[in-house]
K.L.:
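My questions all concern the structure below.
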Amino acid sequence: MTVTSINNKDQEENDRPKHIVVVMDGNGRWAKKRFMPRTAGHHAGVKSTRKIVEESVKNKIQALTLFAFSSENWKRPEQEVSSLMELFVSTLQSEINSLHKQNVRVRFIGEISAFSEKLQKKIKETKELTENNTGLQLNIAVNYGGRWDIAEACKSIVKKIQLGELQVCDIDAELIDEFVCLKQLPEPDLFIRTGGEMRISNFLIWQLAYTELYFTDVLWPDFKSEEFSAALNWYAGRQRRFGKTGEQVEPTQTQQV
Ligand code: IPE
Ligand code: IPE
Ligand code: MG
């Protein structure tokens, strides 16, 4: 067997991200451009979310993590916040069966306890129904903040130290990895942010250390299959070096064994 055939397969695997994270931004501006209320933009955004989940299933992506509501989004006008909460409930209700049919396993990250009983119930139902699914792992970040995530990890570590289960000298990056959200998944390979802003906005700040960052001006309600493919193609052209040199990581294409 030649190294070429092994490497081609490896290369294909490397070219496809295992874990994609998305900041779905631009709903408000999409609506404003059409002289519509911001909430209309959020409703339109749900269609893109549905499409991108379907595309991720089709492309055999292992995990997709979507930023739906940040810990800072509570600062928005009360009416927008409450209409977003209603949209979350109705979307979970309308999508749950289709997600289950697609073998998607849905999980939530963030401080869920801040939500209404009704929303918490929907979240629980969605999680439980899809618990044993083996396809795409879909994580929805709601009332999530990267700084909150790290603070929670610190609390858990300190508790273990107090119980004598860990020592201060045990704390390193690998240990912290075990306590932040999404610990059971590969680190994010590809970060996509729509809407033209080039910032992280307190998303997975610990987990994004070596993630490839893709920004597009396309507003979230306009982000469909073609835009998703463009992001995947861009990713396939990245050389991920993780601190090494390009020569060290470039796979040998022609060597015989
Ligand atoms: C993202 O779109 C959706 C949420 C934050 C819930 P925005 O509502 O932030 O849209 P813009 O950035 O104002 O256009
Ligand atoms: C980030 O978008 C949060 C979500 C997409 C859910 P924002 O619109 O809240 O981010 P900023 O405020 O422009 O940084
Ligand atoms: Mg925004």
Side-chain angles (χ1 to χ4, degrees), residues 19-53 55-56 63-95 106-116 118-120 122-123 126 138-151 180-182 188 190-208 211 213-224 227-228 231:
H19 186 178
I20 301 177
V21 304
V22 188
V23 177
M24 310 182 288
D25 196 23
N27 294 349
R29 279 164 285 163
W30 183 91
K32 199 172 171 193
K33 266 171 54 181
R34 289 162 178 75
F35 306 101
M36 287 153 87
R38 294 179 54 84
T39 48
H42 297 316
H43 278 87
V46 174
K47 292 195 189 117
S48 296
T49 307
R50 188 182 298 128
K51 196 85 225 142
I52 294 324
V53 169
E55 286 298 317
S56 298
L64 175 70
T65 302
L66 303 174
F67 206 4
F69 191 82
S70 78
S71 42
E72 289 73 32
N73 287 146
W74 295 109
K75 297 177 194 158
R76 293 191 176 199
E78 214 180 300
Q79 207 202 332
E80 179 168 346
V81 172
S82 62
S83 114
L84 275 169
M85 295 301 142
E86 278 167 33
L87 184 63
F88 292 149
V89 173
S90 62
T91 305
L92 288 179
Q93 183 128 4
S94 62
E95 302 303 315
V106 189
R107 291 223 169 134
F108 296 82
I109 57 168
E111 228 177 335
I112 308 295
S113 59
F115 294 127
S116 68
K118 196 173 165 192
L119 181 50
Q120 286 192 51
K122 275 279 150 255
I123 286 174
T126 310
L138 173 65
N139 307 295
I140 305 176
V142 276
N143 193 18
Y144 174 87
R147 289 173 179 167
W148 164 84
D149 192 357
I150 295 169
V180 290
C181 291
L182 309 178
L190 171 62
F191 165 102
I192 299 173
R193 182 170 184 146
T194 60
E197 310 297 350
M198 293 194 171
R199 54 180 173 248
I200 308 292
S201 297
N202 198 18
F203 200 21
L204 302 154
I205 49 177
W206 175 270
Q207 296 85 340
L208 290 174
T211 305
L213 306 178
Y214 180 85
F215 297 95
T216 168
D217 288 336
V218 175
L219 303 170
W220 182 248
D222 293 327
F223 192 86
K224 298 285 157 59
E227 283 75 24
F228 187 66

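Counting starts at 1 for both ligands and their atoms, in listed order.
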K.L.:
How far does CD of Gln207 sit from NE2 of His19, to the nearest 0.5 angstrom?
P.N.:
8.5 Å
K.L.:
Any idea which of Val81, Asn27, Val142 brings a heavy atom closest to atom 2 (O) of ligand 1?
P.N.:
Asn27
K.L.:
Contact between Gly195 and ligand 1, counting heavy atoms under 4.0 Å?
P.N.:
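Per 4.0 Å heavy-atom rule, Gly195 does not contact ligand 1.
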K.L.:
Lys32 near ligand 1, heavy-atom distance under 4.0 Å?
P.N.:
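It does not; every heavy atom stays at 4.0 Å or beyond.
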K.L.:
Can you tell me how far CG of Leu208 sits from CD1 of Ile200, rounded to the nearest 0.5 angstrom?
P.N.:
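Answer for the CD1-CG pair, Ile200 versus Leu208, is 5.5 Å.
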K.L.:
Can you say whether the rings of Phe203 and Tyr144 are parallel (under 30°), tilted (30 to 60°) or perpendicular (over 60°)?
P.N.:
perpendicular
K.L.:
With no hydrogens and no angle check, is any side-chain donor or acceptor of Asn143 less than 3.5 Å from a backbone partner on Ile112?
P.N.:
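Absent.
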K.L.:
Please classify the Ala68 to ligand 2 contact at 4.0 Å (heavy-atom distances, strictly less than): side chain, backbone, both or neither.
P.N.:
backbone
K.L.:
Relative to the heavy atoms of Arg193, which atoms of ligand 2 are at a distance of less than 4.0 Å?
P.N.:
2 (O), 10 (O), 11 (P), 13 (O), 14 (O)
K.L.:
I want to verify a count. Protein N, O or S atoms less than 2.8 Å away from the Mg ion (ligand 3), how many are there?
P.N.:
1
K.L.:
Return the CZ to CD1 distance between Arg147 and Ile205, rounded to the nearest 0.5 Å.
P.N.:
6.0 Å
K.L.:
Name the closest protein heavy atom to atom 9 (O) of ligand 2, giving the residue it belongs to and the distance to 0.1 Å.
P.N.:
Asn73 ND2, 2.9 Å
K.L.:
Any protein heavy atom at under 4.0 Å, with atom 12 (O) of ligand 2 as the reference point?
P.N.:
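Within 4.0 Å of atom 12 (O) of ligand 2, no protein heavy atoms are found.
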K.L.:
Using a strict 4.0 Å cut-off to heavy atoms of Phe69, name the atoms of ligand 2 that fall inside it.
P.N.:
6 (C)
K.L.:
Is a donor on one side and an acceptor on the other found under 3.5 Å between the side chain of Arg50 and the backbone of Val46?
P.N.:
no
K.L.:
Given Arg76, Glu72, Met24, Glu197, which has its nearest heavy atom closest to atom 7 (P) of ligand 2?
P.N.:
Arg76
K.L.:
From Lys118 NZ over to Ile123 CD1, what is the distance, rounded to the nearest 0.5 angstrom?
P.N.:
13.0 Å
K.L.:
Within ligand 1, which atoms have a heavy atom of Arg29 less than 4.0 Å away?
P.N.:
11 (P), 12 (O), 14 (O)
K.L.:
For ligand 1 and Gly28, I'd like to know whether there is a polar contact (N/O to N/O, distance under 3.5 Å).
P.N.:
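There is such a contact, yes.
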K.L.:
Go through it in stages, so that I can follow the logic: the residues are Phe228 and Trp220, the test is ring pair (Phe, Tyr, Trp, His ring centres under 6.0 Å), and I'd like the CA-CA distance, side-chain angles, deciding distance and then a yes or no.
P.N.:
CA-CA 11 Å; Phe228 187 66; Trp220 182 248; 9.2 Å; no
K.L.:
Suppose we measure from atom 1 (C) of ligand 2 to each protein heavy atom; which comes out shortest, and what is that distance?
P.N.:
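In this structure, atom 1 (C) of ligand 2 has Val23 CG1, 3.9 Å as its nearest protein heavy atom.
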K.L.:
Is Gln120 reaching over with its side chain to a backbone N or O of Phe115, donor-acceptor style, under 3.5 angstrom?
P.N.:
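Flag set: sc Gln120 to bb Phe115 pair under 3.5 Å.
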K.L.:
Show the atoms of ligand 2 that are less than 4.0 angstrom away from any heavy atom in Ser201.
P.N.:
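Within the 4.0 Å cut-off of Ser201, ligand 2 contributes 10 (O), 11 (P), 14 (O).
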K.L.:
Can a donor-acceptor pair be found, under 3.5 Å and without considering hydrogens, that links the side chain of Arg193 to the backbone of Asp25?
P.N.:
no
K.L.:
Using the rule given for side chain to side chain contact (heavy atoms under 4.5 Å, CB included), can you reason through Lys33 versus Leu219, listing the C-alpha separation, both sets of side-chain angles and the distance that settles it, and then say yes or no?
P.N.:
CA-CA 11 Å; Lys33 266 171 54 181; Leu219 303 170; 3.9 Å; yes
K.L.:
With a cut-off of 4.0 Å, which atoms of ligand 1 are near a heavy atom of Arg38?
P.N.:
7 (P), 8 (O), 10 (O), 13 (O)
K.L.:
Near Arg199, which atoms of ligand 2 are under 4.0 Å from a heavy atom of that residue?
P.N.:
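It comes down to these atoms of ligand 2: 11 (P), 13 (O), 14 (O).
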K.L.:
So, Asn27 side chain and Ala44 main chain: donor-acceptor pair closer than 3.5 Å or not?
P.N.:
no
K.L.:
Hey, what do you get for CG (Leu64) to CD (Glu55), rounding to the nearest 0.5 Å?
P.N.:
11.5 Å
